Amino acid sequence: MIVGVPSESSPNERRVALVPSVVSGLGKAQLEVLVQRGAGDAAGFPDAEYERQGARLAADPAQLFGSAGIALCVGGLSRGPEADLAQFELLRAGQILVGLLHPLSAAWAIQRLAQKGVTSFALELLPRITRAQPMDALTSMATVAGYKAAVLAAEMLQKMYPLIMTAAGTITPARVFVIGAGVAGLQAIATSRRMGALVQAYDVRPAVKEQVESLGAKFVELGLDTAAAETAGGYARALGDEFYRRQKEVMAQAVADSDAVITTALVPGKKAPVLVSKEAVERMRPGSVIVDLAADTGGNCELTRPGETYTVHGVTIAGHRNLPSTVSYHASQMVARNLAAFLQNLAPDGEVKLNREDPVILETVVTHEGEVINPRIREALGLPVPHPW
Ligand code: NAD
């Protein structure tokens with residue numbers, strides 16, 4: 001079986017789906033790797049390194065998609081419809097596509113994959129079970145994004161982070177407020193703490209308090225009723241407009257008191273809740289910064305402009321859509337290990353086995369034999385549920 005690694009087609013995508021260090025392991029599992037020339041350049045992985053590890057090179061996308069039984073992608077199919085459409089044309093019936101596909105926000109793209117007869121697997125849909133952890137690309141990317149959000153906030157701020165005592169006076173530590181303490185938020189807390197900031201955080205899932213405190217940050221008590229905020233799967237539930245209105249109101253003081261606010265609050269499959277109001281931004285001191293990690297799904301701050309960094313009322317708001325791509329070397333290394341683990345499960349001994357008893361396969365498959373399989377995506381597309389598989 002040939003595994004194809006194309007150059008990513010989305011604009012400004014610097015990651016690559018496989019890195020040279022995983023190539024020989026896949027070879028041992030009877031999976032031959034074919035890499036499009038230059039695919040790893042923007043992540044710091046030159047063609048020669050892939051070749052040294054036993055990969056072959058394809059001259060262009062046509063050769064790559066023409067030869068690969070399994071194609072990989074990391075930047076998703078939703079970020080640049082024009083570029084994506086070019087890749088759709090190269091995919092063929094019976095071919096397998098594995099990667100981060102943004103299946104819920106880009107249901108249109110999933111429907112195109114079904115029409116093409118492609119069997120596709122979206123790593124976003126992995127069940128959060130122990131066996132799937134080595135394949136969990138969402139967690140990998142959230143880790144990278146949380147780290148980079150903290151570094152970005154420190155870089156944009158006109159202040160230093162740590163307490164510094166000098167003959168020229170004492171510099172007090174910067175105050176960072178992290179909203180949403182899942183994977184990305186906890187990494188943003190840890191990174192900000194390492195740089196010396198005073199950090200506080202809030203999350204609607206009550207279990208998070210202990211994790212926040214274990215990182216040396218303070219959990220902000222808002223006095224809201226969050227008993228029903230967590231789903232059985234460990235994610236936040238959508239809590240309704242009235243809850244968010246109240247949360248915005250009671251959180252405004254913590255926002256105003258902060259030098260940097262990092263927002264990471266997400267509800268799977270939904271638009272991000274708006275938690276930082278225009279009024280709260282206006283109350284922040286000039287020179288303060290907001291890094292909104294939820295920009296891709298609309299933003300947690302009312303004034304975020306997805307894809308832009310701009311200053312309003314003296315507050316700089318960064319709404320990057322794809323922070324992991326800016327840390328392309330390590331982001332690619334992590335996602336490559338996740339994809340390699342997924343492939344070894346999907347195609348043990350080099351032969352693809354669609355084992356419907358395996359929750360990793362069953363929950364990640366989004367299209368197969370011309371049909372959209374996943375019930376949540378079928379629902380989003382207005383198709384009858386349950387799925388035909
Ligand atoms: P996520 O990206 O969906 O959301 C980010 C955070 O935003 C979550 O902590 C969520 O509770 C929070 N949030 C949502 N609405 C909010 C609001 N109104 N105000 C404040 N915060 C809000 O979640 P995630 O980071 O992917 O992780 C969710 C949970 O799953 C965590 O407990 C994480 O540790 C766990 N997890 C488990 C596995 C596994 O394999 N077992 C893997 C990764 C994550």
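First listed ligand is number 1; within each ligand, the first listed atom is number 1. Since we're looking at a predicted model, the values are computed, not measured.
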Residue, atom name and distance, where the atom is the protein heavy atom closest to atom 21 (N) of ligand 1: G180 CA, 3.5 Å
Presence of salt bridge, K248 and E279, under 4.0 angstrom: no
Heteroatom distance test (G182, ligand 1): nitrogen or oxygen, under 3.5 angstrom: yes
Which segment of A132 sits under 4.0 Å of ligand 1 when only heavy atoms are counted: neither
For atom 4 (O) of ligand 1, closest protein heavy-atom neighbour: L266 O, 3.4 Å
Protein contact of atom 31 (C) of ligand 1 - nearest heavy atom, named by residue and atom, plus distance: R205 NH2, 3.3 Å
I377 versus A107, closest heavy-atom pair with distance: CG2-CB, 4.2 Å
Protein residue, atom and distance nearest to atom 3 (O) of ligand 1, heavy-atom basis: Y235 CD2, 3.6 Å
Ligand 1-proximal atoms of V204, by part, heavy-atom distance under 4.0 Å: both
Closest protein heavy atom (residue, atom, distance) for atom 19 (N) of ligand 1: Q247 NE2, 2.9 Å
Ligand-residue contact atoms, ligand 1 with Q133, heavy atoms, under 4.0 Å: 39 (C), 40 (O), 41 (N)
Side chain, backbone, both or neither: D136 near ligand 1, heavy atoms under 4.0 Å: side chain
Residue portion contacting ligand 1 (non-hydrogen atoms closer than 4.0 Å) for Y244: side chain
Nearest protein heavy atom with distance in Å, relative to atom 34 (O) of ligand 1: V183 CG2, 4.6 Å
Which atom of A295 lies closest to which atom of G319, heavy atoms considered: CB-O, 3.3 Å
Over all atoms of both residues, closest heavy-atom pair of E371 and A114: C-CB, 3.9 Å
Closest approach of any protein heavy atom to atom 43 (C) of ligand 1, naming residue and atom: T139 OG1, 2.8 Å
Per-atom contacts of ligand 1 with T264, taking only distances under 4.0 Å to non-hydrogen atoms: 5 (C), 6 (C), 7 (O)
Numbering as shown, the atoms of ligand 1 that approach L275 to under 4.0 Å (heavy-atom distance): 17 (C), 18 (N), 19 (N)
Salt bridge present between D225 and R246 (N-O < 4.0 angstrom): no
Identity and separation of the nearest protein heavy atom to atom 37 (C) of ligand 1: R128 CD, 3.7 Å
Joint hydrophobic cluster, I70 plus L354, side-chain heavy atoms closer than 4.5 Å: yes
Close side-chain approach of L275 and Y244, heavy atoms under 4.5 Å: yes
Within-shell test, A181 vs ligand 1, heavy atom, strictly < 4.0 Å: yes
